[in-house]
Amino acid sequence: MHPRRLSTLLSKRQQLGQIAAAIDALQKRKDADLKECVRVIQSCARLGALAEGRRIHQLMRRVGLGSDVYVSNHLVMMYGKCGSLEEARLVFEATPAKNVFSWTILITVCAQHGRSQEALALFYEMLKQGIQPHSVSFTAAINACSAGPEFLPAGRALHALLRRYGFQDAVVATTSLVSMYSKCGSLEESMRTFESMTEPNAVSWNAMIAAFAEHRRGLEALRTLQKMFLEGIRACSDVVVGTTLVNMYAKCSGLHDANAAFVKLQEPNIITWNVLISAYVQHCCFKEAMELFRRMLLLGLEMDEVTFINILGACCVPVALEDGRAIHACVREHPLASNHAPLENVILNMYGKCGSLQDAEAMFKSMSQPDVIAWNTMIAAYGQHGHTSEALRFYELMQEEGVVPDDYTYVSVIDASCANAGLPEEAHAYFVSMQQDHGVRPGGGHYGCMVESLGKAGRLSDAETLIQCMPFEPDVLTWTSFLANCRSHGDMKRGKLAAKGAIRIDPEASTGYVALARIHADAGDFQEASRIRKLMLDRGIRKNAGRSIIKLGTSVYEFTAGDQSNPRSKEIFDELKRLDKEMKSAGYDPDMAHVAHDVEAGQKEPLLFAHSERLAIAFGIISTSPGTPLRIMKNLRVCGDCHTMTKLTSKITRREIIVRDSNRFHHFKNGSCSCKDFW
DNA sequence: TTAGGGTTAG
């Protein structure tokens, strides 16, 4: 049995039951078993069980041990851990023969509850009363000074006093000083203190590394520290220190430094590997993350739930479905990872994000007790794929199963109810019921979905009113979705408003500028259009080029509009021409309006003909056997003409084509799309 | 026979 699993075998409830039983047993006895009593007090402290703690306190008083200093000290600690400072203080005051432990414990309790002034006052009162402090008393008082720069003078005074008492070599107290100086803003004093240490241990190293990471300008110093660490200058080769270094580099410097720190370590452990993989995933370097994971497999290294959770984060894109499935298979073979709810939810999410609802459904069915996150994930997945009724059915079902919906549930429910039906009334009904029947307060996400639902239905004036009335500043997503709806309904006036809103919230993104320039151009104001384009370029913002990705086997192929760089480019264009001919004979006419509306556009038909997703689809067709489904990812919204074209292609070629665009999934099958032409 | 420092994955 894994140690972590073992420790959770007894739930908190069971442990509380044991304590209660122990107190009952003690009450029945005539004599007092001091050892057993203290053991119970300690358990109460560990579990934060205030009620049980009070019962045992009562019992101690009854048997005449209420003011025994050893017992009192434990009671003070217990009340402190349970968050009742007043009771801790009362027990302390009522203890006649206070010793250095009594004082130090109360100082610690005060410091841990942010009562720094009180802690310091106690420390000096203790000295005044002639109690000889221990180095632990200093540690507690120094900690009280970590609360902020305003305590720096008090911290320095304690440092001086510590030396006078001859505790300058006490490693724990000195490590506290390293931390305290950093938290009070004085990296220099933190470094000086660390350098003064004769035998810093792993904890001291970590405190120093954390200090450098906290102060961005400490990066160079961090490199020096790493060098010392690697060369064993101060005799520390702790793997946790090495892992902390990797993590700090990933956070403060970048992947290059993190990787360099990793490869230099003699014995990275599972957590070191997890930290590095997580860093790659967070920097969106999915391919490199997968390579690391494969290396772990090849080396036969032990993996845990976190390894799987991290690496699955790299598989949440349709082109990674096969990788995701392979990792799911690894999980099934891993005894410790099965039945781990967060991991199961991540797998479920991965299938949804990869566009495979069948896999998601199978996963969901296999879960013994899906929690609210699992239900939310399914509802969101159905909504994203345009399966509104399934999403809403799951919403009903979860409540029948006794799972209480949360605010995330309603974002997905409202989003699903307006996904393709264009029925804002339904979305609005959920928006109202969420508040009235379920007590969920609407957040930015809920309002965003409502704006989207009204916008899709063409009720742009209502959407605009909602934007004006909502108690939040609309986020960039809300503005861009409103913008897209204004454009598709030809409302240029409101489109301008939305574009300006998008630019205001995210001046670094190109979407707002491009849209605004296009609206002015459409209205014939070319001067204003070119002014906006220039403004965008002056701010160093580049237009987001349309890109589509398709994965065949283990290779990933990327296409941009009009791209001829693929070695099979001629065949791709021949296939597009062939499809085009077939479509035209079936009565299809390319819709030129979409050229002007689309971000990729330039000239008319030739470029429309070669939009990135079309190239990817044609490449998929000529590279796979008939009937194979195609999975494509696009970074922008699919334009109307490509949407029509893909519908027809799915019919002509009898293939399922799944396109994940920047907004949602489109399942093209037999001439129609799951979004029912609302997107 | 009690009290103290730091850090690592979701």
Side-chain angles (χ1 to χ4, degrees), chain A residues 4 34-35 37-39 41-42 45 68-78 80-81 95 98-112 119 126 133-144 146 162 167 170-180 182-183 193-194 197 200-211 213-214 236 238-251 258 261-262 265 268-282 303-313 337 340-346 349 373:
Chain A
R4 249 180 306 159
L34 187 74
K35 247 188 178 165
C37 289
V38 168
R39 203 186 59 78
I41 299 173
Q42 285 177 321
D68 175 89
V69 64
Y70 178 62
V71 172
S72 299
N73 290 348
H74 278 286
L75 286 169
V76 172
M77 211 169 7
M78 181 273 293
K81 290 258 163 71
T95 309
K98 299 183 195 60
N99 58 17
V100 63
F101 289 98
S102 323
W103 289 91
T104 307
I105 290 166
L106 192 62
I107 295 168
T108 305
V109 165
C110 289
Q112 284 171 349
M126 173 180 77
H134 191 264
S135 78
V136 183
S137 323
F138 275 96
T139 309
I142 293 165
N143 267 341
S146 300
L162 177 98
F167 288 129
V171 64
V172 176
T174 319
T175 303
S176 286
L177 284 168
V178 171
S179 256
M180 180 273 293
S182 163
K183 284 178 184 150
T193 310
F194 180 77
M197 293 178 82
N201 62 17
V203 179
S204 325
W205 278 86
N206 279 335
M208 194 67 249
I209 295 169
E214 218 167 300
C236 184
D238 191 284
V239 63
V240 181
V241 175
T243 306
T244 308
L245 272 168
V246 173
N247 191 47
M248 294 304 177
Y249 276 129
K251 277 188 191 146
F262 178 84
L265 295 182
N269 67 12
I270 172 73
I271 298 177
T272 325
W273 281 88
N274 287 350
V275 166
L276 193 65
I277 290 182
S278 161
Y280 275 99
V281 173
Q282 270 158 29
M303 294 183 178
D304 64 5
E305 300 96 306
V306 181
T307 318
F308 293 121
I309 288 171
N310 286 345
I311 193 60
L312 283 161
H340 184 263
L343 176 55
E344 289 185 320
N345 289 338
V346 168
N349 182 47
I373 298 173

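First the proteins, then the strands, lettered A, B, ... as listed; each starts at 1. In this text, all values refer to a predicted model and were calculated from it rather than measured experimentally. Worth knowing before you read on, the calculation uses all heavy atoms, side chains too, and leaves out hydrogens, waters and symmetry mates.
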- Query: So, does the side chain of T175(A) form a donor-acceptor pair with the base of dG5(B) at under 3.5 Å?
  - Reply: yes
- Message: Categorize V275(A) for me: base, sugar-phosphate, or nothing, with a 4.0 angstrom heavy-atom threshold over every strand shown.
- Response: sugar-phosphate
- Task: For V69(A), answer base if it contacts any base atom (sugar-phosphate contacts may also be present), sugar-phosphate if it contacts only those atoms, and nothing otherwise; contact means non-hydrogen atoms under 4.0 Å.
- Result: nothing
- Quick one: H340(A) NE2 to dA9(B) P, roughly how many Å, whole number? 15 Å
- Item | Whole-Å distance separating the CG atom of N73(A) from the P atom of dG4(B) | 12 Å
- Message: With a 4.0 Å cutoff (strictly under), does any side-chain N or O of K98(A) reach OP1 or OP2 of dT2(B)?
- Response: no
- Item | Nearest-Å distance for atom pair CD/C1', residues Q282(A) and dT8(B) | 13 Å
- Item | Shortest side-chain distance from T243(A), nucleotide among dT7(B), dT8(B), dA3(B) | dT8(B)
- Task: Let me know the distance between CG of L162(A) and P of dG5(B), rounded to the nearest Å.
- Result: 15 Å
- Task: Starting from P on dG6(B), measure out to CG on N201(A) and report it in whole angstrom.
- Result: 12 Å
- Query: With respect to the phosphate group of dG5(B), does any side-chain polar atom (N or O) of N143(A) fall under 4.0 Å of OP1 or OP2?
  - Reply: yes
- Separation of atom CG in D304(A) from atom P in dG10(B), rounded to whole Å: 12 Å
- Query: Does N247(A) place a side-chain N or O at less than 4.0 Å from the phosphate oxygens OP1/OP2 of dT7(B)?
  - Reply: no
- Message: Need one value for D238(A): base, sugar-phosphate or nothing, where a base atom within 4.0 Å counts as base even if backbone is also close, heavy atoms only.
- Response: nothing
- Message: Mind checking if M208(A) touches a base, just sugar-phosphate, or nothing, with heavy atoms under 4.0 Å?
- Response: nothing
- Task: Pick base, sugar-phosphate or nothing for S102(A), based on heavy-atom distances below 4.0 Å to the nucleic acid.
- Result: nothing
- Message: Under 4.0 Å, counting only non-hydrogen atoms across every strand here, what does T307(A) touch: a base, just sugar-phosphate, or nothing?
- Response: nothing
- Query: Nearest of dA9(B), dG5(B), dT7(B) to any side-chain atom of T244(A)?
  - Reply: dT7(B)
- Message: What's the closest nucleotide to the side chain of K183(A) if the choices are dG6(B), dA3(B), dG5(B)?
- Response: dG6(B)
- Would you indicate, yes or no, if dG10(B) has its OP1 or OP2 atom less than 4.0 angstrom from a side-chain nitrogen or oxygen of S278(A)? yes
- Assign N310(A) to base, sugar-phosphate, or nothing according to its heavy-atom contacts below 4.0 angstrom with the strands shown. sugar-phosphate
- One should read off an interatomic distance between L106(A) CG and M126(A) CE, to the nearest 0.5 angstrom, of 11.0 Å
